[in-house]
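Heads up: the structure comes next, in structure tokens.
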Amino acid sequence: MRWLLICILWSSNIAAQSLMSDPPKISEPSSVHYVLIQAQEFAVSTDKQLHMAGCFMISSLTTSYVYNRSADKRKAILLGFGAGMTAGIAKEIYDIRYGNPDWADILADAIGSGLGAVSITFTF
């Protein structure tokens, strides 16, 4: 299991490094190129990284707490993910009135919440 986790982290690091390199110059952008450019902008956006990190922390803390109290992994994952997403959606509702709301922020919240909820339940 450790080797699997190391391989996943290593491959995601390689993928992140390739996204951070300069994109090739394209004369006629197609829909695939547009999606790749959007994915690159998403990956390097500081705002999206903060959304992922915040939801990861909330989700992992909640998952850890629930799992220690109930010893039920399924319940811990669901409540941890729900807590992270609740915080992320609440932040976006706040941004509707006082900031700059963005649907991509909710995607970043889901990624962070999912990783936080699942990573705590790994046993080594």
Side-chain angles (χ1 to χ4, degrees):
M1 184 66 169
R2 288 181 188 170
W3 286 108
L4 177 64
L5 185 60
I6 289 170
C7 289
I8 290 171
L9 291 174
W10 182 62
S11 64
S12 66
N13 185 14
I14 291 172
Q17 288 176 4
S18 67
L19 281 176
M20 302 231 7
S21 66
D22 291 332
K25 301 296 180 200
I26 302 166
S27 59
E28 289 185 31
S30 66
S31 61
V32 173
H33 292 104
Y34 179 75
V35 169
L36 291 175
I37 291 169
Q38 292 297 324
Q40 181 181 11
E41 290 175 3
F42 180 83
V44 298
S45 171
T46 304
D47 181 50
K48 306 304 180 271
Q49 292 173 1
L50 288 171
H51 275 271
M52 284 188 260
C55 288
F56 179 88
M57 292 299 296
I58 293 168
S59 178
S60 62
L61 288 172
T62 305
T63 301
S64 177
Y65 178 76
V66 172
Y67 184 65
N68 287 335
R69 299 282 289 178
S70 69
D72 184 6
K73 283 187 180 184
R74 186 176 203 178
K75 179 180 178 181
I77 289 171
L78 290 174
L79 288 175
F81 182 79
M85 285 304 295
T86 301
I89 291 171
K91 169 67 170 83
E92 287 308 305
I93 291 171
Y94 176 82
D95 281 347
I96 289 171
R97 183 167 225 147
Y98 300 108
N100 186 17
D102 187 9
W103 283 105
D105 289 346
I106 294 178
L107 175 62
D109 296 335
I111 292 169
S113 296
L115 290 174
V118 174
S119 65
I120 296 302
T121 58
F122 288 148
T123 54
F124 293 106

Nearest 0.5 Å please: distance from the [atom1] atom of [X] over to the [atom2] atom of [Y].
X      : Y      : atom1 : atom2 : result
Asp95  : Tyr98  : CG    : OH    : 11.5 Å
Asp102 : Asp105 : CG    : CG    : 4.5 Å
Ile77  : Ser119 : CD1   : OG    : 9.5 Å
Tyr67  : Leu79  : OH    : CG    : 14.5 Å

Exercise. Is Lys75 close to Arg69 at the side-chain level, that is, under 4.5 Å between some pair of heavy atoms?
Worked result: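 Counting from C-beta outward, Arg69 and Lys75 never come under 4.5 Å.
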
Exercise. Given side chains that start at C-beta, do those of Pro101 and Tyr94 come closer than 4.5 Å, heavy atoms only?
Worked result: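 A side-chain contact is absent here, since even the closest heavy-atom pair is not under 4.5 Å.
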
Closest heavy-atom contact between [X] and [Y]?
X      : Y      : result
Thr63  : Ala76  : OG1-O, 3.4 Å
Ala104 : Lys48  : CB-CE, 3.4 Å
Met52  : Ala108 : CG-O, 3.1 Å
Gly84  : Cys55  : O-SG, 3.4 Å
Ser59  : Gly116 : OG-C, 3.6 Å

Exercise. With a 4.0 Å cut-off, would you call Asp109 and Lys91 a salt bridge?
Worked result: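 No, no charged N to carboxylate O under 4.0 Å.
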
Exercise. Does the pair Ile106 and Met85 meet the rule for a side-chain contact (heavy atoms from CB on, under 4.5 Å), with working shown?
Worked result: CA-CA 8 Å; Ile106 294 178; Met85 285 304 295; 4.1 Å; yes

Exercise. Is there a path from Phe56 to Ile111 through hydrophobic residues (I, L, V, M, F, W, Y) whose side chains come within less than 4.5 Å of each other?
Worked result: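 Yes, Phe56 and Ile111 fall within the same hydrophobic cluster.
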
For this session: Please check if Met57 and Leu107 belong to a single hydrophobic cluster, counting links between Ile, Leu, Val, Met, Phe, Trp and Tyr side chain heavy atoms closer than 4.5 Å.
Result: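 In one cluster: yes.
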
